[in-house]
K.L.:
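Below is a structure I'd like to ask you about.
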Amino acid sequence: MILSLQKSPQGIQSSQLFLLCQFSLGCGVTCSLDYLHEGAPHRTWNLVLAVGLSGLIVWQTRRMCRHVAVMYQLHSSKRYCGVCLSLLACWHEIPAGLCRALKVAFFVSDLAAVAVINRDFLSTAEAVRFWTPLTICYTLLVIYMQEEQHQNPTEQMAYQTVFVRMGGLLILMMTVGRWSDILHIFISLVGELWCLVHAGVMLDICREEDYAARLSTSRNTPTPRKPNTETAQEG
């Protein structure tokens, strides 16, 4: 989905990406932390510390959101609040920074996931038999669903994307996976649906902004002029 953003206007689809990838980002960060802390002394305490710091960031972020939602209009006009003035000055840089952070987080989590999964294979041939159909089928499935979602960005399409993607993974895991993998897919399905339900209102707002931007873009696009047939005949 990050790669598909290059085909869309900047800042429109990225807002939907931030809402749709919440569960995937959480899974990726968890996998990265588990891999990086593996074998380290006091590994359990390191994970507890990471969870505590994440909770602190979430608490501070929600506190700032409540402050901005209530006091931004007053503070930005009076110009005496540092938080509101910072948002007023550099709000346009936040989406680009979040996209860069997402790319780094998913890149690290992909490397960690590949390293963790490859431990279960005894030989390179077994790993190739697992990764080849998984990579091809999942890539084609995601590309197809993303194109469908770009053409028809509705709430039903978002849920359909999750069901189709998880269904494809379920079939692959029933073929080459274990029973625990199948259980994890159902847990992931519940988690993604929970995130979509809580982000439903924001997703609707993003879709409305996307639709309005497309309309304004189509109106501002100049229409090609038809050749003057009378002038052409005289020539």
Side-chain angles (χ1 to χ4, degrees), residues 1-32 54 58 61-62 65 69 94-95 98-99 101-103 105-107 109-110 112-113 117 131 133-218:
M1 190 170 184
I2 294 177
L3 296 177
S4 65
L5 289 177
Q6 299 176 358
K7 302 179 181 179
S8 61
Q10 293 292 331
I12 298 175
Q13 295 292 338
S14 60
S15 57
Q16 297 186 34
L17 171 64
F18 300 146
L19 297 172
L20 293 172
C21 74
Q22 295 179 63
F23 185 79
S24 301
L25 180 61
C27 293
V29 172
T30 303
C31 181
S32 302
S54 301
V58 170
T61 303
R62 289 182 176 177
C65 288
I94 295 177
L98 290 176
C99 278
L102 281 179
K103 292 178 182 178
F106 281 123
F107 177 75
S109 63
D110 288 341
I117 293 175
W131 283 109
L134 177 65
T135 304
I136 294 175
C137 296
Y138 194 69
T139 302
L140 294 176
L141 180 64
V142 170
I143 292 175
Y144 171 75
M145 295 306 298
Q146 290 301 330
E147 291 297 330
E148 288 291 327
Q149 191 168 4
H150 280 307
Q151 297 176 4
N152 186 22
T154 60
E155 182 180 2
Q156 181 181 359
M157 195 63 201
Y159 286 98
Q160 183 179 346
T161 301
V162 174
F163 280 111
V164 173
R165 180 156 41 87
M166 289 298 172
L169 282 178
L170 178 62
I171 295 174
L172 287 173
M173 289 300 103
M174 291 176 66
T175 306
V176 298
R178 298 174 295 187
W179 288 108
S180 59
D181 299 326
I182 297 176
L183 177 62
H184 293 162
I185 289 177
F186 283 107
I187 295 174
S188 299
L189 176 61
V190 174
E192 290 214 29
L193 292 178
W194 184 84
C195 290
L196 282 178
V197 169
H198 283 267
V201 177
M202 293 299 298
L203 283 173
D204 290 338
I205 296 175
C206 293
R207 294 188 190 99
E208 291 178 1
E209 292 181 353
D210 185 14
Y211 181 72
R214 289 178 181 178
L215 284 180
S216 62
T217 303
S218 61

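Each residue takes its place number in the sequence, starting with 1.
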K.L.:
Work out which heavy atom in C21 is nearest to a heavy atom in F106; give both atom names and the distance.
P.N.:
CB-CZ, 4.2 Å

K.L.:
Identify each donor-acceptor pair in which a side-chain atom of residues 181-191 lies under 3.5 Å from a protein atom, sequence neighbours left out, and give them as a table.
P.N.:
unit_1 : atom_1 : unit_2 : atom_2 : d
D181   : OD2    : R178   : N      : 3.0
H184   : ND1    : S180   : O      : 3.3
S188   : OG     : H184   : O      : 2.9

K.L.:
What heavy-atom pair brings S109 and G28 nearest, and what distance separates the two atoms?
P.N.:
CB-O, 3.3 Å

K.L.:
How far does CG of L193 sit from CZ of F23, to the nearest 0.5 angstrom?
P.N.:
9.5 Å

